[in-house]
Number of protein chains: 2
Amino acid sequence: MPYSKDHTQRTRQKILQSAYQLFAAKGFDSVTVNQIMNHCRLTRGAFYGHFKSKADLYNEALQFAVGQTNLSQTKPNETSEKEWLTRLLDDYLSIEHVRGECACPLAFLATDIVTRDRATQKTYSAVFDGMNTAIYNYANRYTRCSKAEVLSLTAMIIGAVAVSRAIKDKQTVLNLLASCRKEAGLKLGGI
Amino acid sequence: MPYSKDHTQRTRQKILQSAYQLFAAKGFDSVTVNQIMNHCRLTRGAFYGHFKSKADLYNEALQFAVGQTNLSQTKPNETSEKEWLTRLLDDYLSIEHVRGECACPLAFLATDIVTRDRATQKTYSAVFDGMNTAIYNYANRYTRCSKAEVLSLTAMIIGAVAVSRAIKDKQTVLNLLASCRKEAGLKLGGI
DNA sequence: ATTTAAATATGACCTTTATCATAATTTAAA
DNA sequence: TTTAAATTATGATAAAGGTCATATTTAAAT
């Protein structure tokens, strides 16, 4: 038998990684299967050995991306919940996040999801729930926070990043991000 | 001379209206010129007599939509600033807004704008500035509100609507909208 | 080294869609 | 009622891109 099980898995991961990066940056329709495969140094022919369709890939890439996120990784253990949330806000509301490639799907794909299939939309909803619940739980270990406060905070940081990507003027973006960072900190017990 | 100046103008408006409605609902790539023209009972042939290209139409439709908005319409005169903001929040954070066709481009097109041309992105940025400035000015006529507070509030309501469109579970959506409505009201002097 | 199943690449197909050329239609004015 | 300029419709063109069929290459196991 050719190719180790490992190699095939690794290739699959590479495709998912490239796919998510490109989808997040440009949305479903503005990315071609070709671009994705070239991005990980393959050609489009190899694609259908790994995935059923472009739509299928999109959904899988979304789930893959979530698995890479802070939320799924650094479960607050050594670092306190407070530190964890501080870092989350700092990272999330940074210009690097807005411009960079390690992107939160909730912000980067917000309107793109609307025209995807039901399964993908379910995935998105689950991600939102996850993020929201995590923030709520962590916050309530060291301060009082209502569910409404946390929900609105989650909407705020997602909105801030989504809008920031669309705005050209850098000064406006920095201002928006800083403002949201400040207000979010106040709401989460002054962090 | 055939067709009154008026008729041509009206047709142009109809195209813009249909275009915005469809673009807001599905994004640039998921809408065809054909669909837009059929939506206002014309065929695609008539299109290029009115607009230079699909991309051009998108930008014009965006500007057209802004002109229809509360922001551009009901300048607080008879109604007080407080009432105006109350209605803005009620409307903006309503399920009807999320599901309906009178849609705010800031929320509905947030990620779609990223892959549009520079001119369109400039338009979007201007709309954001406009909305933000309006809220800031009106709020500060009856309460104290920092720029940071208003910026974060604007991000919040945009984020709430953008995310709500992508979430399938209605109860979650209602919860999110209500939470944001409450927090926004608190921030704008308890409305 | 040879074998061979799996992975990858290449070329082709077919659909979709923006755009244009041209024909048909409309209606204000003569 | 006729005219003519503008609008609208129809048909054609061409490009893009998702998907598939087939050829080629790869490397684990013998």
Side-chain angles (χ1 to χ4, degrees), chain A residues 1-62 64 109 112 115-117 119-120, chain B residues 1-62 64 112-113 115-117 119-120:
Chain A
M1 285 138 199
Y3 292 99
S4 64
K5 209 79 178 166
D6 192 56
H7 175 255
T8 304
Q9 254 329 287
R10 215 193 312 277
T11 301
R12 194 189 154 83
Q13 304 276 93
K14 265 194 233 156
I15 298 175
L16 286 169
Q17 179 76 54
S18 294
Y20 181 69
Q21 203 167 308
L22 293 174
F23 280 142
K26 296 149 65 90
F28 183 81
D29 287 312
S30 296
V31 175
T32 71
V33 172
N34 233 329
Q35 289 174 329
I36 295 169
M37 296 306 279
N38 289 343
H39 189 271
C40 48
R41 301 169 184 289
L42 291 169
T43 57
R44 76 196 176 292
F47 176 72
Y48 292 88
H50 292 277
F51 298 94
K52 201 164 96 273
S53 67
K54 185 185 174 188
D56 179 47
L57 172 66
Y58 186 96
N59 190 7
E60 292 223 47
L62 176 55
F64 172 81
L109 300 177
D112 201 52
T115 38
R116 303 282 75 74
D117 56 58
T120 306
Chain B
M1 286 142 196
Y3 292 100
S4 64
K5 210 79 178 170
D6 191 56
H7 175 256
T8 305
Q9 254 328 288
R10 216 193 310 279
T11 300
R12 193 187 155 82
Q13 303 276 92
K14 266 193 232 159
I15 298 175
L16 286 169
Q17 179 77 53
S18 293
Y20 182 69
Q21 204 166 308
L22 293 174
F23 280 141
K26 295 150 65 91
F28 182 82
D29 287 312
S30 296
V31 175
T32 70
V33 173
N34 232 329
Q35 289 173 331
I36 295 169
M37 295 307 279
N38 289 341
H39 189 272
C40 49
R41 301 169 185 289
L42 290 169
T43 57
R44 78 198 174 291
F47 176 72
Y48 293 87
H50 291 277
F51 298 94
K52 199 165 96 273
S53 67
K54 186 185 173 187
D56 178 48
L57 172 65
Y58 187 97
N59 188 7
E60 291 223 46
L62 176 54
F64 172 80
D112 200 52
I113 292 289
T115 38
R116 303 282 75 74
D117 56 58
T120 306

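First the proteins, then the strands, lettered A, B, ... as listed; each starts at 1. Values reported hereafter were calculated over all heavy atoms of this structure, with side chains retained and with hydrogens, waters and symmetry mates removed.
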Contacting residues from residues 22-43 of chain A, given that a heavy atom lies under 4.0 angstrom of DNA chain D: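 Under 4.0 Å from DNA chain D: V31(A), T32(A), V33(A).
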
Provide the Watson-Crick or G-U wobble partner of dA30(C), both distances under 3.5 Å; none if there is no partner.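 Paired with dT1(D).
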
Watson-Crick or G-U counterpart of dG18(D), or none if no pair lies under 3.5 Å: dC13(C)

Is there side-chain contact between Q17(A) and Q21(A), with heavy atoms separated by less than 4.5 Å?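 Q17(A) vs Q21(A): side chains touch.
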
Validation row: L57(B), L16(B) side chains within 4.5 angstrom (heavy atoms):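 Contact flag for L57(B)/L16(B) side chains = yes.
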
On the nucleotide dT7(D), are OP1 or OP2 found under 4.0 Å from the side-chain N or O atoms that T11(B) carries?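 Checking dT7(D) against T11(B), no side-chain N or O comes under 4.0 Å of OP1 or OP2.
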
Check whether any side-chain N or O of H7(A) sits under 4.0 Å from OP1 or OP2 of dT26(D), and answer yes or no. no

Using atom types as modelled and distance alone, determine if a side-chain donor or acceptor of R116(A) lies under 3.5 Å from a backbone N or O of A55(A). no

Is it the case that the side chain of K54(A) and the backbone of V31(A) share a donor-acceptor pair, with hydrogens and angles ignored and the cut-off at 3.5 Å?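 Yes; judged by distance alone, with no hydrogens or angles, the pair exists.
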
Without decimals, in angstroms, what is the distance between D56(A) CG and dG18(D) C1'?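 Distance, rounded to whole Å: 14 Å.
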
To the nearest Å, give me how far apart NE2 (H50(A)) and C1' (dT19(D)) are. 16 Å

What distance separates H39(A) NE2 from I36(A) CD1, expressed to the nearest 0.5 Å? 10.0 Å

Grab the N/O contacts between the protein and nucleotides 20-26 of chain C below 3.5 Å, and write none if there aren't any.
from	atom 1	to	atom 2	distance (Å)
dT26(C)	O4'	Y3(B)	OH	3.4

Name the one of F64(B), F23(B), Y20(B) that satisfies ring-ring contact (aromatic ring centres under 6.0 Å, His included) with Y58(B)?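 When ring-ring contact (aromatic ring centres under 6.0 Å, His included) is applied between Y58(B) and each of F64(B), F23(B), Y20(B), only F23(B) qualifies.
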
